[in-house]
Amino acid sequence: MAGRESALYDETLLPLDGPEPGRRYAQVIVDVPAKQTNRPFDYIVPPELEAWVGVGSRVGVPFGPRTLQGFVVGLSESTGMDPRKLKPIEQVLDLVPPLNPELVDLARWMSRTYVCHEITALQAMIPGALKAKYEKYVAVAEEADGHSAPPPEGQALLLAGSPEEDEITAFVRQKGTVPMDAMLRRFPAAGPLLKRMLERGVLVEVQTVKDRLNAKKVLYVEPAADPRTLTEESGKLAAGAKRQKELLLHFAAHPSPVPLAELTDKLNVGAGTVKALADKGWLTIREREVFRDPYAGRSFARTEPLPLTEQQRGAFAAISDALGAERHDVFLLHGVTGSGKTEVYLQSIQQCLDQGREAIVLVPEISLTPQMVERFKSRFGDAVAVMHSRLSQGERYDEWRKIGLKRVSVVIGARSAVFAPFTKLGLIIIDEEHESSYKQEESPKYHAREVAVQRAARHGAVVVLGSATPSLESFARTSGRGAPYRLLTMADRVEGRPLPAVRIVDLREELKAGNRSMFSRGLYKAIEERLHKKEQTVLLLNRRGYSTFVMCRSCGYVVQCPHCDISLTYHQVSRTMRCHYCGLTQPEPKTCPSCDSEHIRFFGTGTQRVEEELGKLFPGIRVIRMDVDTTSEKGAHERLLTKFRNKQGDVLLGTQMVAKGLDFPDVTLVGVIAADTVLHLPDFRAAEKTFQLLTQVAGRAGRHRLPGEVFIQTYTPDHYSIEHASRHDYGAFIATELDSRRQRGYPPYCELVLVTFSHEQVAMVVRAAESFATRLKEKWQRMRTEFDSVSGAGAEDRYFEVYGPVASPIPRIKDRYRFQCMVKYRGDVDVSGMLTETAAAFDETVRQEKLHISIDVNPQVLM
DNA sequence: AGCACGCCGACT
DNA sequence: GTCGGCGTGCTC
């Protein structure tokens with residue numbers, strides 16, 4: 001156990017800036033996400049806490065009848081309130097404030113931009129372990145106050161309670177304070193009685209804010225006397241106490257603290273021996289906080305910067321220049337797969353660190369593989385903290401603390417790492433910037449790319465957005481007058497390796513030729529060849545499960561989820577039908593649930609079915625399947641990839657998670673089973689996503705010595721996204737797609753906001769959605785008249801339109817009906833403000849009728 | 001979000 | 001005449 005912890009947490013914690021003026025009152029955002037509480041409340045900072053309270057501190061404050069968690073967003077010498085009415089802050093929850101003034105300000109920007117409560121934005125910035133948790137205790141009244149509670153007038157006699165009541169009082173008095181749930185466990189039938197006792201004031205309820213988790217503590221042993229005394233004492237020990245003597249001499253020679261576990265391991269002494277010496281007063285056993293280090297015990301061979309190619313040098317020079325000048329610049333680094341973007345990142349980070357500033361690297365969750373982490377750890381060593389969802393809550397918390405304690409200066413992580421509480425930020429890198437996982441789908445529905453640019457601007461820091469297939473939004477920002485981003489291009493793979501040859505297979509032709517299998521003849525032969533040559537294959541199918549839907553061929557009935565308007569997917573392994581939206585699982589039907597016919601059939605192909613088919617076609621083939629179902633366990637993702645890397649698998653078959661960033665030397669074949677799955681989704685980005693997916697997965701082949709080959713199977717071989725992907729022609733794709741977006745009026749030619757309404761009753765949701773749309777349009781009409789009267793510049797570029805409401809593409813999820821409105825706008829329009837105000841009118845309906853309104857600014861998914 | 005305060009129906 | 005429905009408003 002002891003080996004898992006590394007760096008000791010024995011920072012000497014000093015109070016913030018010491019007593020200074022302007023800390024008398026604190027403005028606090030409390031943990032109540034509601035419109036009416038979405039503003040700071042003033043509190044007195046008690047003198048004894050003054051030194052520990054800063055902007056960004058997490059505090060416990062009394063709010064109405066209870067105690068809540070809150071964040072300090074301001075400190076001041078005066079207050080607009082009557083100071084006598086203010087309550088004091090009860091507790092400061094962290095020794096080091098988890099946020100800082102810049103992040104607090106960023107949270108305000110987020111709440112305005114993404115239309116969410118400020119507390120929601122603040123909560124998103126801290127690790128889950130610090131989310132508020134409240135505990136209710138009961139205590140006997142006079143003990144809680146420290147003085148006797150006055151008996152209510154004329155009821156003194158009644159207060160001499162029933163026997164049950166006396167029993168309860170005695171129990172609580174003996175324990176001091178008792179958690180409410182423990183009370184109910186001890187006295188299961190006493191609920192109403194407890195309530196009465198609380199009402200009468202015999203008992204009082206105390207609520208406190210608790211951390212969900214505490215720093216990990218380990219027992220350490222240290223000497224309690226100076227070495228000379230220890231040596232002397234060791235001589236006085238009984239002759240038989242050899243172990244004790246050894247121990248004392250050890251500490252006489254090495255007086256530094258040692259983990260108890262290490263002591264018992266290495267010096268081969270029992271814990272009892274240590275305890276005995278502690279009891280005698282020569283040693284002290286103390287709890288100390290340690291970091292849980294998920295990468296402890298692994299060594300990373302130090303790497304040196306590699307020589308750069310000419311293209312890499314060009315890109316690095318531009319970044320380096322901006323870094324040197326501490327100028328806020330955003331670069332879009334467009335580098336084909338295998339062009340060596342990572343090395344450019346690494347050297348840019350190095351320069352940033354040399355300048356004494358800090359760097360954040362964002363990567364999509366899925367490509368945060370050990371391989372990736374290793375590249376950074378081996379260049380920057382202990383200066384790197386890693387944050388991703390596969391870490392335990394505790395591990396995550398500890399990585400986070402390293403940032404606040406200035407133990408690290410580089411953070412590599414998924415989306416939320418953009419909030420790493422650095423104070424001297426110099427560089428933010430977003431790898432695979434086109435990835436949709438940078439958008440958070442829950443409130444606050446922020447995009448890490450937008451937040452990164454915002455943060456960097458505040459720090460005068462550089463942003464590097466890297467991708468082989470940049471998003472249209474980012475690309476569009478690199479051209480034209482006053483373009484906010486600068487484009488850096490790396491068009492060739494390192495060492496002149498060629499991009500793999502891509503073949504498009506028309507599945508309609510296969511069918512005509514009588515091939516009804518899911519593998520075209522070409523792909524079949526190619527796989528067979530790889531098995532022969534002992535080379536490896538990656539197969540992509542963007543659909544998990546076994547089949548996508550189950551239909552009765554007699555009556556046409558399709559098995560659907562009873563709670564969502566979506567067909568259920570059949571999972572072969574568990575022989576169950578599952579809803580991919582609400583998680584419902586039910587047994588497979590033997591006969592048609594509607595007409596009882598036995599002609600029930602599975603349609604559509606999922607990864608499980610491909611796996612089965614591969615086994616039939618190539619007996620003995622070793623398939624590693626990677627999808628949500630096989631990677632849900634902690635570490636499973638990593639394990640499967642390692643297995644493939646060690647060549648314990650011939651084929652890596654998976655959903656889009658096999659397309660991203662993987663780099664295996666022996667992969668020479670990539671097959672896309674069905675390229676059209678994404679293309680026909682009801683999403684204006686369908687073509688873009690298809691192009692990106694195909695380009696990315698094709699990039700997995702032939703990255704090393706052996707040349708690669710790619711097969712793309714499709715029913716629409718002429719579609720431009722497929723054609724251009726096959727020729728690795730980003731420029732041509734972008735031109736066509738931009739044109740199409742302009743014609744259809746979609747980003748980057750306008751901005752979008754998706755407003756989704758959901759409720760258990762259709763009538764309610766329709767009414768709310770329509771009324772919302774009407775109000776929003778009216779608001780725009782009023783604003784436009786104002787604009788016209790001022791006739792300011794840019795008026796002609798201003799555009800605003802509300803579309804819908806219409807039923808959502810999935811009209812019902814978890815028994816709630818869903819309708820949506822789409823706002824399209826362009827130019828200087830405060831749409832977020834308009835939406836905030838419009839939504840405010842529905843506040844009561846939201847509260848009372850359980851209507852949900854979701855506002856998604858720049859949505860990535862239109863479902 | 002909780003919780004108290006406050007104004008109109010069916011009951012001892 | 002009261003007990004209680006949940007509409008409205010407040011929490012530093």
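In this text the structure is predicted, and so the values were computed from the model without any measurement.
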Using atom CG of A:N38 as one end and atom P of B:dA1 as the other, report the distance to the nearest whole Å. 12 Å

Tell me whether A:K175 at atom NZ has more than 12 heavy atoms from other residues, nucleotides or ligands lying less than 6.0 Å away. no

For A:Y438 and A:H447, take the angle between the two ring planes, folded into 0 to 90°, and tell me which bin it lands in: parallel under 30, tilted 30 to 60, perpendicular over 60. tilted

Examine A:F41 together with A:F63 and report whether their ring centres are nearer than 6.0 Å. yes

On a heavy-atom basis, the closest approach of A:R415 and A:S437 is NH1-O, 2.8 Å

Polar-atom pairs under 3.5 Å, protein N or O versus N or O of nucleotides 7-12 of chain C: list them with distances, or write none.
{"from": "C:dG9", "atom 1": "O6", "to": "A:R847", "atom 2": "NH2", "distance (Å)": "2.8"}
{"from": "C:dC10", "atom 1": "N4", "to": "A:Q36", "atom 2": "OE1", "distance (Å)": "3.0"}
{"from": "C:dT11", "atom 1": "O3'", "to": "A:G64", "atom 2": "N", "distance (Å)": "3.1"}
{"from": "C:dC12", "atom 1": "OP1", "to": "A:P62", "atom 2": "O", "distance (Å)": "3.3"}
{"from": "C:dC12", "atom 1": "OP1", "to": "A:G64", "atom 2": "N", "distance (Å)": "3.4"}
{"from": "C:dC12", "atom 1": "OP2", "to": "A:K87", "atom 2": "NZ", "distance (Å)": "2.5"}
{"from": "C:dC12", "atom 1": "O3'", "to": "A:D42", "atom 2": "O", "distance (Å)": "2.8"}
{"from": "C:dC12", "atom 1": "O3'", "to": "A:K87", "atom 2": "N", "distance (Å)": "2.8"}
{"from": "C:dC12", "atom 1": "O2", "to": "A:D42", "atom 2": "N", "distance (Å)": "2.4"}
{"from": "C:dC12", "atom 1": "N4", "to": "A:R39", "atom 2": "NH2", "distance (Å)": "3.1"}

Separation of A:D31 atom CG from B:dA1 atom P, in whole Å? 12 Å

Residue A:E760 excluded, over 12 heavy atoms near CD under 6.0 Å: no

